[in-house]
Amino acid sequence: MSSFQYDAATTVIDLLNNNWSAGQTPEINKAWEKRSTGFIDDRRDQIIVTPKSEKVNYFSLYGTDHWHDVTIDLDIRTYQDDERHNDIVKEAIKIITDQIRGGTDYTDLRVISSYTRNQFMRNMFNHILTISIRKTNP
């Protein structure tokens, strides 16, 4: 048995980068690649991918098969206006719902929650999408 969290983050980033159709693709990074302090680039929209948890369920005799359910947060940050921000959030949701059934990389991909944090920000729009990506025996 192995962890699926890091592979899942890479899979989600690849899906977003390869299927983006709403203007310029935002900068999409893993959270641990953005661990810098100081200035933030407010000229480019960003999506920060953070794996949050992984549930592993055994479903066969003697525990040889495992069902991995990884929860990932997509932290969407934009700096232009609420219309552009809404377009980016909608595009991210569309890509995820269009790719709900996976091939060899994952079994399924779902949006499980969505909320805004705009009220806490100044000069930035912020939205969090929580998604679930599942796979058997990674």
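Just so we're clear, the structure is a prediction, and the values are computed from it rather than from any experiment.
Counting only residues at least two apart or on different chains, the salt bridge (Lys or Arg N to Asp or Glu O under 4.0 Å) pairs with a member in residues 81-90 are D45-R84. Within the structure, every pair that satisfies the salt bridge (Lys or Arg N to Asp or Glu O under 4.0 Å) test and touches residues 111-121, not counting sequence neighbours, is listed here: D75-R117. Under the salt bridge (Lys or Arg N to Asp or Glu O under 4.0 Å) criterion, the residue pairs touching residues 96-107 are K94-D98, with sequence neighbours excluded.
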Check against side chain to side chain donor-acceptor pair (under 3.5 Å), T50 and D73: CA-CA 5 Å; T50 308; D73 279 351; over 6 Å; no

With side chain to side chain contact (heavy atoms under 4.5 Å, CB included) as the criterion, how do H127 and R77 come out once you've worked through the C-alpha distance, each side chain's angles and the decisive distance to 0.1 Å? CA-CA 7 Å; H127 195 93; R77 301 175 180 185; over 6 Å; no

Under the side chain to side chain contact (heavy atoms under 4.5 Å, CB included) rule, what do Y106 and L15 come out as? Steps first, then yes or no, please. CA-CA 12 Å; Y106 61 95; L15 283 173; 3.6 Å; yes

Would T10 and K30 count as a side chain to side chain donor-acceptor pair (under 3.5 Å) if you check the C-alpha gap in whole Å, the side-chain angles of each, and the deciding distance to 0.1 Å? CA-CA 8 Å; T10 301; K30 298 169 187 162; 3.1 Å; yes

Would you please test F4 and W67 for ring-ring contact (aromatic ring centres under 6.0 Å, His included) and show each step? CA-CA 10 Å; F4 180 53; W67 180 251; 9.9 Å; no

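Partners of H85 by ring-ring contact (aromatic ring centres under 6.0 Å, His included), not counting sequence neighbours, listed by chain and number: F125. In this view, D108 and R110, R134 satisfy the side-chain contact (heavy atoms from CB on, under 4.5 Å) rule, not counting sequence neighbours. Scanning for side-chain contact (heavy atoms from CB on, under 4.5 Å) contacts around I28 gives I13, L16, N17, T25, I47, V49, with sequence neighbours left out.
Both V111 and L109 are part of a single hydrophobic cluster, where members link through side-chain heavy atoms under 4.5 Å apart. Under the 4.5 Å side-chain contact rule for hydrophobic residues, V89 and I72 share a cluster. Grouping the Ile, Leu, Val, Met, Phe, Trp and Tyr side chains by contacts below 4.5 angstrom, directly or via other members, places W20 with I93. Each of I48 and M124 belongs to its own hydrophobic cluster when Ile, Leu, Val, Met, Phe, Trp and Tyr are linked at side-chain heavy-atom distances under 4.5 angstrom.
Counted by atom type alone, N29 and E27 present one or more donor-acceptor pairs between their side chains at under 3.5 Å. Side-chain contact annotation: H66 with T136, donor-acceptor N/O pair under 3.5 Å absent.
Residues S53 and Q5 come closest through the heavy atom pair C-NE2, 3.5 Å. When all heavy atoms are compared, the tightest approach of I96 to L74 is CD1-CD1, 3.7 Å.
Of the inter-residue distances, the one linking S132 atom OG with I112 atom CD1 reads 5.0 Å to the nearest 0.5 angstrom.
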